[in-house]
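Order of appearance sets the numbers: ligands from 1, and atoms from 1 within every ligand. Model, not experiment: these values are computed from the prediction.
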Amino acid sequence: MKHDSFQIPQPSKIRVASITPFWRINEFLAIIKNFFIKNGTKLQQEISKELKDIHNIPFEYCYFFDSGRSAIYFSLISLGLKKGDKVIIPSFTCRALLFALFEAGVEPIFGDIDEDYNLDLKSLVFECDLKDVKAIIIPNMFGKMNCEYELLKKLKTKGIIVIEDNATSFGTSYDSEILSDALIYSFNLGKMINGSGGGLVYMRHNVSLDEFNEFKSQKRSKVVLRFLRELVSLRFRKQTSVIISFFRRRINMQKSLDDYYSFKDKVSNETQKYFKCKKISFLSLILICSQIKDYERIRLSYNKLFNKYNSKLGLKSKFKKNEVPNYFLIEINKKIDRYELGSYLSNYGIETYWSYYPIHRIKIYEDILRINKLDTTNKKWSNFLYLPFNLFISEENIDFVCEKYKEYIESYEESK
Ligand SMILES: Cc1ncc(COP(=O)(O)O)c(C=O)c1O
């Protein structure tokens, strides 16, 4: 059995949780206060302005949705992409991107990543035939920008539409002219700012929302249920982990992730409906707005945690001044099985995980075209683990995680 094809077992009693939405007393008070004021448009304007300032975005138009994938779908349609148009995305990314492409009826093509887990733009510009390519979606991964000005300029002169996906790069600001056509943010679970779902897109030009006739509000009961579920299973993850792990159905260890995702996505594949593009909920707007008002403190706390990890593990930061680390990835020796490492940490109540199983490895997607060989994707997808990185983590927690991590690595080296 190849362990790395499976999910890392999670601690039954969590001591250091990996992802928790950043909802403190401020967010709960904001919900109570805004419940009576209830002005969604005003909240959208506030968020849009704050985010423009934080990220140094000059675009004038901002549209809010229920998710990042809806924002991507919207930008594809509003930028004029038509059925069958070819759009490049990395294979090492969230399947939500693929769903947005399918929903818009365009044809995905996979591109390889570089050593920073970002789409390899150099290879695209200098080694690939982009003649039929209409658009490229560039996810800026884990806080690192992937927008080398000269490379983007070359793509733009070929008439290619560029959409930047900043779902995992909240806070990383632009330090030169933006050449892209749309900039996406997501406020879903695991993102630096959590809105119990939500997404937005900045565009250069105004788009009429009337064209999006399926663009409806979410059901209030669904919004509340989701929020309550996230409160129990995420915000209070540490406190509820024993109960949750008792009820949680263990994932079938006999199944590979390939089978798992093929099975999961089969229904949407058959119905050709991947999701509905909906409006952001008022509740999400309140949560996002409240956190953004406190963003400077959030950024400083993340930086502190990041530096602490690096100093404890003897690592050097690869981030530039304008970039904000949104995750803490530990790259592990190829010979170390991350499943074993994750299990070891899990025994001490430390929750770790990894994400972005390369989409081209999933059976139902293996026929999707590839613009290059995906060598780096195949090499790098399995050599990292996310260590706990959120605002509920203390410096003592990091000491503990690093101690247990080093303990495992040392025992591995001794056993060689
Ligand atoms: C890189 C990336 N882009 C886009 C998305 C889609 O965001 P959402 O889940 O809000 O649809 C995700 C989701 O996690 C993601 O990781």
Quick one: are the ring centres of [X] and [Y] less than 6.0 Å apart?
X	Y	value
Phe99	Phe275	no
Phe282	Phe35	no
Phe384	Tyr386	yes
Tyr365	Tyr261	no

Which protein heavy atom lies closest to [atom], and at what distance to 0.1 Å?
atom	result
atom 16 (O) of ligand 1	Tyr356 OH, 2.5 Å
atom 7 (O) of ligand 1	Ser186 OG, 3.4 Å
atom 8 (P) of ligand 1	Gly68 N, 3.4 Å
atom 14 (O) of ligand 1	Lys191 NZ, 2.6 Å

Backbone, side chain, both or neither: what part of [X] comes under 4.0 angstrom of ligand 1, heavy atoms only?
X	value
Phe187	neither
Ser67	both
Ile184	neither

Problem set entry | Lys/Arg cation over aromatic Phe64: Lys279, 6.0 Å, 45° cone | no
For this session: Kindly indicate whether a cation-pi arrangement holds for Lys52 with Tyr202, taking the cut-offs as under 6.0 Å to the six-membered ring centre and within 45° of the axis.
Result: no
Which of the numbered atoms in ligand 1 are under 4.0 angstrom from any heavy atom belonging to [X]?
X	value
Ala96	6 (C)
Leu97	3 (N), 4 (C)
Asp165	1 (C), 2 (C), 3 (N), 4 (C)
Cys94	2 (C), 12 (C), 13 (C), 14 (O), 15 (C), 16 (O)

Seminar exercise, completed: So CE of Met145 and CG of Asp175: to nearest 0.5 Å the spacing works out to 7.5 Å
For this session: First locate atom CD1 of Ile364, then atom CG of Asp265, and finally report the distance between them rounded to the nearest 0.5 Å.
Result: 5.0 Å
Pairs of nitrogen or oxygen atoms closer than 3.5 Å, one from [X] and one from ligand 1: do any exist?
X	answer
Ala167	no
Thr168	no
Asn188	yes

Exercise. Between Phe102 and Arg95, is any pair of side-chain heavy atoms under 4.5 Å apart?
Worked result: no
